[in-house]
*Asks:* 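The following block contains the structure, expressed as structure tokens.
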Amino acid sequence: MVKHLENLNNCRCRIEQSGGFLLHGKRMPDLRSGARQSQLRSRKGNDIQDNLNALIPTARRGGRGNGSGNPMVRLPRPEPAKPAVQRPKTKPTTRGRGRKAMNQNKNTEPLGAAVGGQMGTGLELAAREEVAICNELVAIKSAEKPGALEEEGNTDPLPERIQFGNSPIYKLDRKLGKGAFGQVYVGRRVSGGAGFTGPNALEVALKFEHVSSKGCTYGPPSEWQVYSALNGCYGLPLVHYKGRQGVYYVLAMDKLGPSLWDVWNAGNQMLSEEMVSCIAVEAIFILQQLHLKGFVHGDVKPENFLLGQPGTPDEKKLYLVDLGLASRWKDVSSGCHVDYNQKPDVFRGTVRYASVHAHLGRTGSRRDDLESLAYTLIFLLRGRLPWQGFAGDNKSFLVCKKKMATSPELLCFLCPSPFRELLEIVFSIRFDEEPNYLKLISLFENNIGLNALSRPVRTDTALQIGQKRGRLLLDLGDSEQPTRKKFRLGSPASQWISVYNSRAPMKQRYHYNVTDARLHQHLEKGKQEGLQITCVSSASNLWAVILDAGTIVPQVYELSPVFLHKEWIMEQWDKNFYISSLAGACNGSALVVIKKWKEGFFVTSMATAGNRWGIVMSRNANFSKQVVELDFLYPSEGIHRRWESGYRITSAAATSDQAAFILSIPKTKRRLQDEAQETLRTTSFPTTHVKVNIV
Ligand SMILES: Nc1ncnc2c1ncn2[C@@H]1O[C@H](COP(=O)(O)OP(=O)(O)OP(=O)(O)O)[C@@H](O)[C@H]1O
């Protein structure tokens, strides 16, 4: 298969029968041990229905026409028409929201634009096999309604006086801010009280969430629980009271000052290098403290960093608010890192600042907060991020793609080197790796001229540039910094991905760089010798085919000038022939996916033609579970983790900018775990390697 992936050098990853991983022939102890531990814990079922929703665009669901201008294929079918795709309703995530809506008053993009996908609608084909096509295999956002819209629908007046049990009575005062889910007001104590912070303070911030808001479907907002677990955590406002008042859930916490977005906006939409460096140091430290408590924030952005109250000693101190998307990276009972998963149709966070992993629906971990922080800092410093300005249904996809294609050098062009270094380190943190916070903090110490260990680092404590600074005595762990691959290198390059499975010895043959004219000849010769096609692929309109003697069922094939020759396929289905492989040349046209998730359909084959995806789904495919690993690059970490959980690659395909791997667990007693599998990435067809592997 031709895969256009990142420009990695020929790199070979193998899973041995013993379950150990080899990378360039060396063991990868860190990853192995982490992954092994995760294997011991119970795994949440990975439902292909969830995971493969990424193949179908949300925006075009329900049989609507294809507004993207892509051909919409509709084939005749034996049963009455049904909507092309019945997308399962996204279940509420931690806070009952699969993503966050943006406050349109803020600088973030409106939620409606966060939906990925631009593909055509599907079609229904024969009962036992389905073929799908879409222009891009994208991470689709959940179909939840934007919270902001919900909130607008709530006309219930806010209570004028608030009291929680025996708490002081607060009178509602001016509005402090508004998010997609909450409205925050000043609560002024009716009597008594003193000071600016603490339960006795004269004023508190009251966050109201309507009981009918998405985040409150199952009771109080999940943020409440997180605040309970984290109350007193460094850098977070203290929560004093919480309770329900009529139709509102209300949280009373320390009143804070303006957000970094407010400060950035007031400061001509730019902040000085010194100030951003102070913010960096303090923000990394705050995230470290939050992470130490076992949580990740999940929505790091300028709007969620607030300064202390103006006119108080804390007015330049940094705080982190909004724990509505916080989740645990560490399991409470076992103390282990939560399991890795990827659900490409689930997105949590804010499009502009979300990590690429979050865009791709990967389980949130510490690295994601730091990636969002890096984008936040660069935004504050430079005033803009390269992925601003995208709009439309597939905005999130385009933003994600742009993030992937933007190297640290490019993103930090004109930024001081610590910002680039921060990005480089953050991009290479593995899912369950503990970030080296001290190292990250130290990157910025020269710009602030203070010992970053003295807390808090106020946002105004920077020295002037050029002023002499003392060295910070930290163990920077330089010697321990592994030489890591830089995963984001800008534009991808063409590569082949080969997947090998161990099998009982059998005769196998391959042909590559085959022109249309020669294809028939090779295939017929193979047929005469008892060899049948098991895999086909195409690069630059030349074909690669694998033939083997292990396929004993009768087989037919057709080379057609269109990617899906529907009449011919229908004809074969009538004869009980089903698609076992497919491929598209660069000039190929589209297939359309119809999924019957609830009817035991599994992906059995995938191919791309140009930037379009063809997916064959079959019933009775003998798989019990299936997951997809979707990335803009080769998803090395994800594949290793899936291997450890007993999955093996059963289909793979890529366009010039996305790669998808379907991994499955079979129903049969034959244990795939005992079967070795290996992937090989090469920039040219791996002739030598294939020869070695084919018996
Ligand atoms: N403790 C506080 N003191 C002062 N202002 C606050 C406080 N907490 C929140 N705010 C203001 O209210 C705004 C909305 O709060 P918050 O982010 O918690 O709400 P949300 O609905 O969860 O927002 P989002 O849209 O990010 O989900 C903040 O951006 C901030 O301006």
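Treat the numbers as computed from the prediction; the structure is a model and nothing was measured. Basis for what follows: all heavy atoms, side chains included, without hydrogens, waters or symmetry-related copies. In listed order, ligands and their atoms are each counted from 1. Starting from 1, each residue takes its place in the sequence as its number.
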*Asks:* Give the contacting part of Asp262 toward ligand 1: side chain, backbone, both or neither, where contact means a heavy-atom distance below 4.0 Å.
*Replies:* neither

*Asks:* Any idea which part of Val184 is under 4.0 Å from ligand 1, heavy-atom wise: side chain, backbone, both or neither?
*Replies:* side chain

*Asks:* Are side-chain N/O atoms of Thr363 and Lys343 paired as donor and acceptor at under 3.5 Å?
*Replies:* no

*Asks:* What about His337 and Phe431, are their ring centers closer than 6.0 Å?
*Replies:* yes

*Asks:* Which of the numbered atoms in ligand 1 are below 4.0 angstrom from a heavy atom of Phe181?
*Replies:* 21 (O), 27 (O)

*Asks:* Below the 3.5 angstrom mark, is there an N/O of Glu223, backbone or side chain, next to an N/O of ligand 1?
*Replies:* no

*Asks:* Below 4.0 angstrom from a heavy atom of Glu303, which ligand 1 atoms are there? Numbered from 1 as shown, please.
*Replies:* 29 (O)

*Asks:* In plain terms, say whether Glu637 and Arg641 are close enough for a salt bridge, that is, a side-chain N and a carboxylate O under 4.0 Å apart.
*Replies:* yes

*Asks:* Is the number of heavy atoms from other residues, nucleotides or ligands under 6.0 Å of Gln225 CD greater than 12?
*Replies:* no

*Asks:* Does any N or O of ligand 1 fall below 3.5 Å from an N or O anywhere on Lys255, backbone included?
*Replies:* no

*Asks:* Provide the full list of side-chain hydrogen bond (donor to acceptor under 3.5 Å, both in side chains) pairs with a residue in residues 184-205, sequence neighbours left out, each pair given once.
*Replies:* Asp173-Arg188, Arg188-Glu203, Arg189-Asn200, Glu203-Lys255

*Asks:* For the 3.5 Å polar cut-off, considering only N or O atoms, please tell me whether Gly182 and ligand 1 meet it.
*Replies:* yes

*Asks:* Which bit of Asn304 is near ligand 1, meaning a heavy atom under 4.0 Å away: side chain, backbone, both or neither?
*Replies:* side chain

*Asks:* Of the choices Lys207, Gln183, Lys178, Lys175, which has the non-hydrogen atom that lies closest to atom 22 (O) of ligand 1?
*Replies:* Lys207

*Asks:* Does the side chain of Tyr340 pick up a donor-acceptor pair with the side chain of Arg362 at under 3.5 Å?
*Replies:* yes

*Asks:* Out of Pro258, Ala205, Gly349, indicate the one that has the non-hydrogen atom closest to atom 2 (C) of ligand 1.
*Replies:* Ala205

*Asks:* For atom 31 (O) of ligand 1, state which one of Leu206, Asp299, Leu323, Leu176 supplies the nearest heavy atom.
*Replies:* Leu176

*Asks:* Any atoms of ligand 1 less than 4.0 Å from a non-hydrogen atom of Ala180? List them with their elements.
*Replies:* 21 (O), 23 (O), 24 (P), 25 (O)

*Asks:* Of all residues at least two apart in sequence or in a different chain, which pass the side chain to side chain donor-acceptor pair (under 3.5 Å) check with Tyr241?
*Replies:* none

*Asks:* Considering the heavy atoms of Met253, write down every atom of ligand 1 situated less than 4.0 Å from one of them.
*Replies:* 1 (N), 8 (N)

*Asks:* Check whether any N or O atom of Gly257, backbone or side chain, sits under 3.5 Å from an N or O atom of ligand 1, and answer yes or no.
*Replies:* no

*Asks:* With distance as the sole criterion, is a donor-acceptor pair present between the side chains of Glu282 and Tyr234 under 3.5 Å?
*Replies:* yes

*Asks:* Applying a strict 4.0 Å limit to heavy atoms, is Lys301 in contact with ligand 1?
*Replies:* yes

*Asks:* Is it true that the side chains of His210 and Tyr249 contain a donor and an acceptor less than 3.5 Å apart?
*Replies:* no

*Asks:* If we ignore angles and hydrogens, is there a donor and acceptor under 3.5 Å between the side chains of Ser167 and His240?
*Replies:* no

